[in-house]
Amino acid sequence: MTSGLSPRPKPYLSVVTVSRNDDHGGDPLIRTQLFVNCLARQCDKYDIDAELIIVDWNPVLGRPGLAEVLRTPADALRCLARIITVPANLHNSLKYAEKLPLFQMIGKNVGICRAQGEFILATNIDVLFSDELMRLIGRRKLQHNKHYRVDRYDIKSGLSGDATLDEALAYAWSHPIRVNRRLHPTKLLEHLYGTDPMIRVCRPETNHLGRFRNFSIAESDGVWQLMPKRTAPMECLHTNACGDFALMSREGWNAIHGYPEFETYSFNIDSIGLIASHYGGYEEVSLLPPCVCFHIEHSAGSGWTPEGQAKLFSRLREQEILSPEWPVLMPLVEEMKTSSKALEFNYSCWGLAGVN
């Protein structure tokens, strides 16, 4: 396993993602380059000292690695990038390796356990962040005992890899497909979002806030934050699309040993990571719109979407690939709830920590 040179010590923010130079979802390099460009521009814009870690998992034979085909803007000052390569021989040691070319959550763990930032954001290569969200991060007021979440707004594909930050965000706000917001409880969702599922700005009515007993709601630096209480049931957590934005302190990630390293398709593993952090004492803070992330739509069946789920699960069944389902996972959730602590899903060498 190889890595580029480490950036300056202890950046405030580490952004971790995993990919490979294949054709997953159609034109992944365009989406990845756009992600890199916009992140670097926002770090400069909001004075965020950051490192971007891209884990190149199981590079495609006969194609250049990600380090050869991606670039950061030449004039970017605040965000330095490095590529960590997980070679085929390590990939091939895992179950389903011949059927799954990439183990997303194990790959994220590779980056998380090597990240140097005070806070670590696990995300994906086809995601953009709203300016309001990055401005909040740039204020350097994140709390070490919290797990930060945002809504994910899915947008139409069509952006070029060289779109400017302003162009990309203007396109994102004006080309929505669907929103991935929290799923429960209904009355709270109706209060926050009303009849506009793609709302640009959420402003809760303060005279109604006391009626939601499992939550506290507060405004900080002009951003409304929704916080499930420690005693809140799992249904109150914002698990929807939580793999695209999971922000926590480095000690928080270390405390839960990253994501569970199930050698399966990655479905629901991100949710288990959020639940583990909740019961491990790292309470969720959901930032409300306009603090959102945008996910650029890719081809149906390459990842989960409402329209493509039938195709995705049919492919997994045909290839006999295990996908963790809630009937299997719920006993683990109940054990964490009963004990009020995170389960140790991984060994101390999680994230291939023993491999150089």
**Student:** Check the hydrophobic clustering (I, L, V, M, F, W, Y; side-chain heavy atoms under 4.5 Å; chains of links allowed) and say if Trp224 and Leu189 are grouped together.
**Tutor:** yes
**Student:** Not counting sequence neighbours, which residues clear ring-ring contact (aromatic ring centres under 6.0 Å, His included) with Phe103? List them please.
**Tutor:** His91
**Student:** Start with the C-alpha gap between Phe119 and Trp253, add the side-chain angles, then the distance that decides, and say whether ring pair (Phe, Tyr, Trp, His ring centres under 6.0 Å) holds.
**Tutor:** CA-CA 9 Å; Phe119 290 88; Trp253 285 109; over 10 Å; no
**Student:** Do the non-hydrogen side-chain atoms of Glu190 and Leu188 ever get within less than 4.5 Å of each other?
**Tutor:** no
**Student:** Taking Glu51 for its side chain and Gln116 for its backbone only, find out whether a donor-acceptor pair lies under 3.5 Å.
**Tutor:** yes
**Student:** Does the side chain of Lys337 reach to within under 4.5 Å of the side chain of Ile275, using non-hydrogen atoms?
**Tutor:** no
**Student:** Does the pair Asp270/Lys108 count as a salt bridge with the N-to-O cut at 4.0 Å?
**Tutor:** no
**Student:** Any side-chain heavy-atom pair from Asp131 and Tyr46 closer than 4.5 angstrom?
**Tutor:** yes
**Student:** Which is it for Tyr282 and His144 under the ring pair (Phe, Tyr, Trp, His ring centres under 6.0 Å) test, yes or no, and what are the steps along the way?
**Tutor:** CA-CA 8 Å; Tyr282 293 85; His144 285 245; 9.6 Å; no
**Student:** Tell me whether Ser277 contacts the main-chain N or O of Leu274 through its side chain, where contact means a donor paired with an acceptor under 3.5 Å.
**Tutor:** yes
**Student:** Would a distance-only check, ignoring hydrogens and angles, find a side-chain to backbone donor-acceptor pair under 3.5 Å from Asn240 to Arg181?
**Tutor:** yes
**Student:** Is the backbone N or O of Met234 less than 3.5 Å from a side-chain atom of His184, with the two atoms forming a donor-acceptor pair by type?
**Tutor:** no
**Student:** Give me the atom names and distance for the closest heavy-atom approach of Pro176 to Met198.
**Tutor:** CB-CE, 2.9 Å
**Student:** Please round to the nearest 0.5 Å and tell me the distance separating atom CG of Asn180 and atom SG of Cys242.
**Tutor:** 10.5 Å
**Student:** State the SG-NZ distance between Cys38 and Lys45, to the nearest 0.5 angstrom.
**Tutor:** 10.5 Å
**Student:** Between Asp154 and Arg178, is there a side-chain N and carboxylate O pair less than 4.0 Å apart?
**Tutor:** yes
**Student:** Are any non-hydrogen side-chain atoms of Tyr265 and Tyr96 less than 4.5 angstrom apart?
**Tutor:** no
**Student:** So, do Phe294 and Trp173 have ring centers that fall under 6.0 Å from each other?
**Tutor:** yes
**Student:** Once salt bridge (charged side-chain N to carboxylate O under 4.0 Å, His left out) is applied, do any residues pair with Asp166, and if so which ones, sequence neighbours excluded?
**Tutor:** none
**Student:** Residues two or more places apart in sequence or in another chain: which of them pass side-chain hydrogen bond (donor to acceptor under 3.5 Å, both in side chains) with Asp47?
**Tutor:** Arg78
**Student:** Taking all atoms of both residues into account, what is the closest heavy-atom pair of Met336 and Ala342, and its distance?
**Tutor:** SD-CA, 3.9 Å
**Student:** From Leu34 CG over to Leu29 CG, what is the distance, rounded to the nearest 0.5 angstrom?
**Tutor:** 12.5 Å
**Student:** Without hydrogens or angle criteria, can the side chains of Asn37 and Asp162 be said to hold a donor-acceptor pair below 3.5 Å?
**Tutor:** no
**Student:** Are the side chain of Arg230 and the backbone of Tyr279 linked by a donor-acceptor contact shorter than 3.5 Å?
**Tutor:** yes
**Student:** For Val55 and Gly111, work out which heavy atoms get closest and say how close.
**Tutor:** CG2-N, 3.7 Å
**Student:** For Arg71, is the CZ atom crowded, meaning more than 12 foreign heavy atoms sit under 6.0 Å from it?
**Tutor:** no
**Student:** Of the non-hydrogen atoms in Met227 and Gln225, which two are nearest, and what is the gap between them?
**Tutor:** CE-O, 3.7 Å
**Student:** Is a side-chain donor or acceptor of Asp49 paired with a backbone partner of Tyr12 at a separation under 3.5 angstrom?
**Tutor:** no
**Student:** So, taking the atom named SG in Cys293 and the one named CG in Leu247, what distance separates them when rounded to the nearest 0.5 Å?
**Tutor:** 11.5 Å
**Student:** Assess whether side chain to side chain contact (heavy atoms under 4.5 Å, CB included) is satisfied between Ile296 and Phe35, documenting all intermediate values.
**Tutor:** CA-CA 10 Å; Ile296 304 169; Phe35 160 74; over 6 Å; no
**Student:** Start with the C-alpha gap between Trp350 and Asn254, add the side-chain angles, then the distance that decides, and say whether side chain to side chain contact (heavy atoms under 4.5 Å, CB included) holds.
**Tutor:** CA-CA 10 Å; Trp350 62 276; Asn254 286 331; 3.4 Å; yes
**Student:** Sequence neighbours excluded, which residues qualify as side-chain hydrogen bond (donor to acceptor under 3.5 Å, both in side chains) partners of Arg203?
**Tutor:** none
**Student:** Roughly how far, to the nearest 0.5 Å, is NZ of Lys187 from CG of Leu192?
**Tutor:** 14.5 Å
**Student:** Considering only heavy atoms from C-beta outward, does the side chain of Phe129 approach that of Val150 to under 4.5 Å?
**Tutor:** no
**Student:** So do the side chains of Thr239 and Ile272 get within less than 4.5 Å of each other, counting heavy atoms only?
**Tutor:** no
**Student:** Do Ile54 and Val36 have side chains that approach each other closer than 4.5 Å (heavy atoms only, starting at C-beta)?
**Tutor:** yes
**Student:** When you group the ILVMFWY residues by side-chain heavy-atom contacts below 4.5 Å and let the links chain together, are Leu183 and Phe215 in the same group?
**Tutor:** no
**Student:** Rounded to the nearest 0.5 Å, what's the gap from CE on Met248 to OH on Tyr148? Could you check?
**Tutor:** 11.5 Å
**Student:** Looking at Met134 and Cys43, what are the two nearest heavy atoms and their distance?
**Tutor:** CE-SG, 4.4 Å
**Student:** Under a 4.5 Å side-chain heavy-atom rule over Ile, Leu, Val, Met, Phe, Trp and Tyr, are Val328 and Ile269 clustered together?
**Tutor:** no
**Student:** Report the residues that fulfil side chain to side chain contact (heavy atoms under 4.5 Å, CB included) with Ala170, sequence neighbours left out, ordered by chain and then residue number.
**Tutor:** none
**Student:** So if I apply the side chain to side chain donor-acceptor pair (under 3.5 Å) rule between Glu284 and each of His147, Lys146, Arg182, which one comes out positive?
**Tutor:** Arg182
**Student:** Has Lys229 got more than 12 heavy atoms of other residues, nucleotides or ligands less than 6.0 Å from its NZ?
**Tutor:** yes
**Student:** Short question: side chain of Arg149, backbone of Phe245 - any donor-acceptor pair under 3.5 Å?
**Tutor:** yes
**Student:** Just by distance, with hydrogens left out, do Asn109 and His257 show a side-chain donor and acceptor under 3.5 Å apart?
**Tutor:** no
**Student:** Taking all heavy atoms of Ala115 and all of Ile53, pick out the closest pair and write down the distance.
**Tutor:** CA-CD1, 3.7 Å
**Student:** Here's a test for you: under side chain to side chain contact (heavy atoms under 4.5 Å, CB included), which of Thr85, Leu352, Val110 qualifies with Leu90?
**Tutor:** Leu352
**Student:** Could you tell me which residues satisfy side chain to side chain contact (heavy atoms under 4.5 Å, CB included) with Pro233, sequence neighbours excluded, listed by chain and number?
**Tutor:** Asn214, Glu235, Cys236
**Student:** Has the side chain of Asp44 got a donor or acceptor atom that lies under 3.5 Å from a matching backbone atom of Leu77?
**Tutor:** yes
**Student:** Would a hydrophobic clustering, with Ile, Leu, Val, Met, Phe, Trp and Tyr connected at side-chain separations under 4.5 Å, put Ile125 with Leu159?
**Tutor:** no
**Student:** Side chains of Arg200 and Glu132: does their closest heavy-atom pair fall under 4.5 Å?
**Tutor:** yes
**Student:** Quick check against the 3.5 Å criterion: does Glu261 have a side-chain atom that pairs as donor or acceptor with the backbone of Met105?
**Tutor:** no
**Student:** Among the clusters formed by ILVMFWY side chains lying less than 4.5 Å apart, do Val333 and Leu237 turn up in the same one?
**Tutor:** yes
**Student:** Is there a donor-acceptor pair under 3.5 Å between the side chain of Arg250 and the backbone N or O of Ile120?
**Tutor:** no
